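These notes concern the structure reproduced below.
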Number of protein chains: 2
Amino acid sequence: MADQVDRILEQWQAEKPELDVSPMAVIGRLSRTALAVDSRLAVTFARYGLDASVFDVLATLLRSGAPYRVSPAALARDAMISSSAVAQRLNKLQSRGLVSRAANPDDGRGTLVALTEAGRRLIDAALAPHVETERTLIAGLSREEQATLVGLLQRISAAAAHDT
Amino acid sequence: MADQVDRILEQWQAEKPELDVSPMAVIGRLSRTALAVDSRLAVTFARYGLDASVFDVLATLLRSGAPYRVSPAALARDAMISSSAVAQRLNKLQSRGLVSRAANPDDGRGTLVALTEAGRRLIDAALAPHVETERTLIAGLSREEQATLVGLLQRISAAAAHDT
DNA sequence: TAGCAATGGCTAAGCACTTAGCTATACTAG
DNA sequence: CTAGTATAGCTAAGTGCTTAGCCATTGCTA
């Protein structure tokens with residue numbers, strides 16, 4: 001069953017026969033798979049009035065454990081985005097009443113973001129359905145295949161991080 | 001060697017022990033790996049004054065073969081973006097002199113985008129280094145492991161596309 | 001063949017990210 | 001202690017995407 005990536009590879013083979021484009025089979029499919037997964041996850045998020053970036057912030061706060069307080073810097077590291085992107089996300093979340101900001105008593109520069117009761121309820125409701133959606137995406141893979149996939153992804157991640 | 005995803009899983013285990021979050025190990029790492037790969041590829045693109053989206057358009061034109069003409073609609077399908085995003089990319093590329101637009105003689109509604117000579121030279125120069133970067137990312141995987149990875153990704157892609 | 005839905009391409013407006021640059025607090029070295 | 005540097009958080013400006021909506025042409029159908 002030829003897919004989009006297969007057709008692309010055939011085109012390259014015809015136009016640039018001297019170039020071995022086999023890495024595209026792997027890397028190209030990785031990107032496209034990630035996109036397809038993201039768009040599937042977005043469906044579940046939308047049922048709760050969320051998107052991936054909002055879910056990310058709320059989920060990070062939830063899994064930090066009681067009292068559900070995290071610094072903006074930690075949120076940025078975790079979500080792999082800039083600190084200014086975090087500030088903007090928090091502005092929106094705060095105006096929706098899902099998080100609150102307070103000064104960090106131990107560091108005059110710092111802020112601590114906390115889940116409000118409404119934020120807590122929302123992420124608590126969305127979490128299990130989200131994980132369930134993820135589970136359906138990998139349902140076709142055995143435990144062993146899942147472990148294999150994780151191992152291979154880790155090695156590519158390491159290679160990508162290495163010389164960046 | 002515990003990575004970021006491992007730490008996240010530990011946090012969930014502590015906060016939500018009743019929830020089986022093992023799907024996150026797979027899906028979460030997939031997303032993060034794709035991000036890490038994208039940022040590594042961006043380094044090579046930048047050496048040629050490109051980014052991934054510009055490269056995508058020029059590469060699509062090149063691999064279409066002579067006379068290197070493609071409709072905006074086909075570019076949109078290929079890049080998995082909206083037709084308006086294509087129009088905006090083309091506006092920039094045209095003002096940089098890398099592509100040209102002409103009416104489609106066979107369809108009064110249509111436009112055909114063509115590589116200019118400068119665009120041709122640029123993508124021709126950037127292509128091989130880009131593939132080489134991709135190759136270094138998967139250099140740690142044997143041919144067999146690469147094939148395994150492609151197969152697993154295809155199955156997740158299929159699952160994601162299935163009920164979207 | 002006239003009418004109407006579908007297709008192709010575009011601009012406008014809105015949104016979320018980026019980098020640049022600001023302020024304030026904390027750390028470190030002389 | 002004080003000067004210089006690093007850290008934390010923020011806003012402003014710029015970029016590239018999205019959806020909404022427009023116009024022109026095509027193709028189907030009654």
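Owing to the predicted nature of the structure, the values given are computational and were not obtained by experimental measurement. So you know, we letter chains A, B, ... as the sequences are listed, proteins then strands, and number each from 1.
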Just the rounded figure in Å: distance from P of D:dC10 to CG of A:Leu93. 12 Å
On the nucleotide C:dC17, are OP1 or OP2 found under 4.0 Å from the side-chain N or O atoms that A:Arg89 carries? yes
Return no unless some side-chain N or O of A:Asn91 is found under 4.0 Å from OP1 or OP2 of D:dT11. yes
note: A:Asp106, atom CG; D:dT7, atom C1'; distance rounded to Å ~ 16 Å
Taking for B:Asp51 and for A:Arg77 the nucleotide of DNA chain D with the nearest heavy atom, the one nearer the 5' end belongs to A:Arg77
Return the minimal non-hydrogen interatomic distance between A:Gly65 and B:Glu15, and the atom names on each side. CA-OE1, 3.2 Å
Expressed in angstrom and rounded to an integer, what is the separation of B:Leu50 atom CG from D:dT15 atom P? 17 Å
Do any side-chain nitrogens or oxygens of A:Ser83 fall under 4.0 Å of OP1 or OP2 in D:dG9? no
Will you find, in the side chains of A:Ser100 and A:Thr116, an N or O donor that is under 3.5 Å from an N or O acceptor? no
Looking for any heavy atom pair under 4.0 Å, which part of the strands does A:Asp107 touch: base, sugar-phosphate only, or nothing? sugar-phosphate
Any idea which heavy atoms bring A:Ala160 and B:Leu137 closest together, and the distance? CA-CD2, 3.5 Å
What is the separation between atom CG on B:Asn104 and atom C1' on C:dG8, rounded to the nearest whole Å? 10 Å
Given atom CD1 of B:Ile81 and atom C1' of D:dT19, what is their separation to the nearest angstrom? 14 Å
Starting at the 5' end of DNA chain D and moving along, which residue's nearest nucleotide shows up first, B:Ser84 or B:Lys92? B:Lys92
For D:dC10, does OP1 or OP2 lie under 4.0 Å from any side-chain N or O of A:Arg109? no
Any side-chain heavy-atom pair from B:Asp6 and B:Asp3 closer than 4.5 angstrom? yes
Tell whether B:Gln88 reaches the base of D:dT18 with its side chain through a donor-acceptor pair below 3.5 angstrom. yes
Of C:dT11, C:dT25, D:dC17, the nucleotide closest to the side chain of B:Ala87 is C:dT11
To the nearest Å, give me how far apart CZ (A:Arg69) and P (D:dA8) are. 19 Å
Where the side chain of A:Ala85 is concerned, which of D:dT19, C:dT18, C:dG9 is the nearest nucleotide? C:dT18
Return the value, rounded to whole Å, for the distance between atom CG of A:Asp56 and atom C1' of C:dC17. 14 Å
Here the distance between atom P of C:dC10 and atom CG of B:Leu90, to the nearest Å, is 7 Å
Answer yes or no: is there a donor N or O on one side and an acceptor on the other, between the side chain of A:Gln88 and the main chain of A:Ser84, under 3.5 Å? yes
